[in-house]
2 protein chains.
Amino acid sequence: MTGHTQRGQCAKRMSILDAAADVFCRQGFAAASIDEIAAVACVSRQTIYNHYREKETLFVAVVEDVMNRANAMLFSVLSTFPDGADDLEDGLTGFAVRLNKNCICNHDGKFLRKLVQTEGERYPHLFEGWRQQGPGKLTTALSALLARLAHNQVLVIDDFDVAARQFVALANADLQMMTLFGGTPTNEELEKAARNAVRTFLKAYGTPKAEKAGGEPQLATISG
Amino acid sequence: MTGHTQRGQCAKRMSILDAAADVFCRQGFAAASIDEIAAVACVSRQTIYNHYREKETLFVAVVEDVMNRANAMLFSVLSTFPDGADDLEDGLTGFAVRLNKNCICNHDGKFLRKLVQTEGERYPHLFEGWRQQGPGKLTTALSALLARLAHNQVLVIDDFDVAARQFVALANADLQMMTLFGGTPTNEELEKAARNAVRTFLKAYGTPKAEKAGGEPQLATISG
DNA sequence: GACGAGTTAGACAATGGCGTCTAATTTTAC
DNA sequence: GTAAAATTAGACGCCATTGTCTAACTCGTC
C-alpha cells in the first residue's frame with residue numbers, strides 16, 4: 001500500500017488498459033479474448049480479473065480511459081485556434097493539421113469511432129456521453145471561435161454551427177478514406193489536406209481582410 | 001432443378017442473406033450466431049449450412065450482395081448529376097439529397113461502412129474492392145462531372161479530385177453524426193443539409209454563370 | 001530471514017457456438 | 001401418385017472462452 005506498491009499496481013493497470021484497448025479495437029468486444037489481452041499486457045489472466053471484475057467492466061474502463069484522453073486532447077487543440085486576421089490561412093491550416101493529427105486521425109480517435117460503430121447499440125449511454133463531449137463539444141466550441149472571427153470581420157458566416165461542421169468535414173475530406181481503412185496520414189498528407197480544406201473554406205467564408213499579406217492571388221480573386 | 005424449385009431455393013437464399021446482413025450488422029461477425037440468423041430467416045440451421053458451407057462463406061456472400069446493390073444504386077444516382085448551368089444550385093442540391101439518401105445514409109451504406117470498420121482488417125481484399133468500386137468510383141466519377149461543369153465555365157476548379165471529395169464531405173457534414181449513431185435523416189434534414197453544402201460549395205467554386213437567375217452576388221466574384 | 005500483498009501458471013467446471021449427422025417431413029417434378 | 005430433392009428438428013462432438021480456485025512465486029518492508 002506504500003508508494004512503490006502503488007506505482008507497481010498503477011503500471012499494471014495502465015498496461016492492462018492499453019492492451020485491452022488494442023485488442024478490443026482490433027477484434028471487437030465479442031471476439032476479444034481475455035487471454036489475448038493478458039498476453040499483450042504481459043500479465044496473467046487472474047490479474048485482470050483481480051482489477052476488473054469481468055470482461056464488461058474492463059471494456060467500460062477502457063472506453064472511459066480513452067475518452068478522457070481524447071477529451072483532454074481536444075480541449076488542448078481547441079485552445080490553439082487562431083484569433084486574429086494575421087496569417088489567418090496559415091493559422092487555420094495549422095489548426096486543421098492539429099485537429100486531424102491529434103484528435104481525429106490519431107489512435108484514440110479511430111478507436112472511439114470504431115467502437116461507437118461496433119458497440120454503440122450495446123452501450124448507448126456510454127457513447128452518448130462521448131458524442132456530447134467529443135464531436136458535440138467540437139462543433140459548439142468551433143462555432144463560437146468562428147463567431148469571434150466573424151465578429152472581427154475576417155469571415156462572413158450566416159450559420160456558425162453549419163460553418164463549424166463544414167470546417168471539420170472539409171478538414172477530413174482528403175483523409176477520411178485512409179483513416180477508415182486503418183491508415184495513418186503522413187505529415188505531408190496532413191498538411192496538404194488541411195491546406196485544401198482551408199483554401200476552400202476561406203473561398204466560401206473569407207473576406208478580403210483574411211487574405212495573406214503578400215500572398216499570391218487566389219482563384220477567388222481573379223479579375224475580369 | 002426447374003423453375004419452381006429454383007424460385008423456392010432462391011427465396012430461401014435471399015431470406016438467409018437478408019437475415020444474415022441484419023444480424024452481422026448488428027452483432028458483428030464474431031458475435032453473430034448462426035442460430036440467430038436461422039431464426040430471423042425463419043429457416044433451419046442446416047439449410048444455411050446447405051447453401052453456404054460455413055459462417056465465413058455466408059459472410060462473404062452477404063457483403064458481396066450488399067456491395068452489388070450499393071454499386072448499382074451509386075451508378076444510378078451518378079447518372080442524375082446536373083450537366084448544365086440552368087438551376088445549378090437546385091440541380092446540385094437534388095443530387096446531394098439523392099447521394100445521401102440512397103447511397104450514404106441508407107441502410108446499405110451504413111452497413112458497409114460499419115462492416116469495413118469492424119471486419120476490414122480480416123478481409124482486406126473484400127473491402128479493398130468496395131473502396132475502389134464505392135468511394136473510389138464516386139470520387140473519380142464526380143471529379144469528371146465537375147470537370148464538365150468547369151469546362152462550361154460554370155465552376156472554377158483547380159483540382160477536380162479535391163473538389164469532388166469536398167463536395168461529398170460537405171454533403172455529409174450535417175448528417176455524419178446522426179448516421180454514425182444509427183439514425184436516419186428525414187427528408188427535411190436531407191434537404192437542409194444538401195442546401196447548406198451546395199451553397200458553400202458554390203461560394204467556393206461557383207462563377208457568376210452559376211448563380212440563379214435573380215441570385216445575389218457571391219464572394220468569389222469580387223474583382224480587383 | 002520472515003511476512004504479506006500482489007502476481008502467476010495452471011487446472012477446473014460451465015457455457016455456448018460451430019459444423020456434422022440422422023431420421024422424419026415437406027416440397028417439387030414428372 | 002411417386003420419386004427425388006430440399007428442409008427441418010434435434011442430437012452430437014469439438015473447441016474456445018469465461019470466470020473461479022489453488023498452490024507456488026516475487027518483491028519490498030520490517
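What you see is a predicted model; the values in this text were computed from it and never measured. Numbers restart at 1 for each chain; the letters A, B, ... are given by sequence-line order, proteins then strands.
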Separation of atom CD1 in A:Ile48 from atom P in C:dG6, rounded to whole Å = 17 Å
Single hit among B:Asp22, B:Leu17, B:Asp18 for side-chain contact (heavy atoms from CB on, under 4.5 Å) with B:Val62 = B:Leu17
Tell me which residues in residues 52-63 of chain A put a heavy atom below 4.0 Å from DNA chain C, sorted by number, or none.
-> none
When rounded to the nearest 0.5 Å, the distance separating SG of A:Cys25 from NZ of A:Lys110 is 8.5 Å
To the nearest angstrom, the CZ-C1' distance between A:Arg13 and C:dT7 comes to 15 Å
Between P of C:dG17 and OH of B:Tyr49, the distance in whole Å | 11 Å
Phosphate OP1/OP2 of C:dT7: any A:Asn50 side-chain N/O under 4.0 Å = yes
On DNA chain C, check which nucleotide each of A:His51 and A:Arg45 is closest to and give me the residue with the more 5' one.
-> A:His51
Looking at NE2 of A:His107 and CG of A:Asn102, how far apart are the two atoms once the value is rounded to the nearest 0.5 Å?
-> 14.5 Å
Return all side-chain donor-acceptor pairs below 3.5 angstrom for residues 134-148 of chain A, not counting sequence neighbours, or 'none' if the list is empty.
from: A:Thr139; atom 1: OG1; to: A:Pro135; atom 2: O; distance (Å): 3.2
from: A:Thr140; atom 1: OG1; to: A:Gly136; atom 2: O; distance (Å): 2.9
from: A:Ser143; atom 1: OG; to: A:Asp161; atom 2: OD1; distance (Å): 3.0

Look at the rings of B:Phe29 and B:Phe59 and say which category their plane angle falls in: under 30° parallel, 30 to 60° tilted, over 60° perpendicular.
-> perpendicular
More than 12 non-hydrogen atoms from neighbouring residues, nucleotides or ligands closer than 6.0 Å to NZ on A:Lys192, yes or no?
-> no
Would you say a side-chain N or O of B:Thr47 is under 4.0 Å from OP1 or OP2 of D:dT8?
-> yes
Any chance you could list the contact pattern along nucleotides 22-27 of chain C? Use B for base contacts, S for sugar-phosphate-only contacts and - for none, protein heavy atoms under 4.0 Å, 5' to 3'.
-> ------
Pull out every residue in residues 24-44 of chain B that has a heavy atom closer than 4.0 Å to any atom of DNA chain C, ordered by number, or say none.
-> B:Ala32, B:Ser33, B:Ile34
Within residues 53-68 of chain B or reaching into it, pairs that qualify as side chain to side chain donor-acceptor pair (under 3.5 Å) - sequence neighbours excluded | B:Asp65-B:Arg69
D:dT8 phosphate, OP1 or OP2, under 4.0 Å from B:Lys12 side-chain N/O = yes
For residues 112-127 of chain A, which residue pairs qualify under side chain to side chain donor-acceptor pair (under 3.5 Å), counting only residues two or more places apart or in two chains?
-> A:Arg122-B:Gln27
A:Asp174 and A:Asn196: CA distance, side-chain angles, deciding distance, side-chain hydrogen bond (donor to acceptor under 3.5 Å, both in side chains) verdict | CA-CA 9 Å; A:Asp174 289 347; A:Asn196 287 336; 3.0 Å; yes
Student check: side-chain heavy atoms of A:Phe24 and A:Val63 closer than 4.5 Å | no
Got a sec: does the CG of A:Asp86 have more than 12 other heavy atoms crowding it under 6.0 Å?
-> no
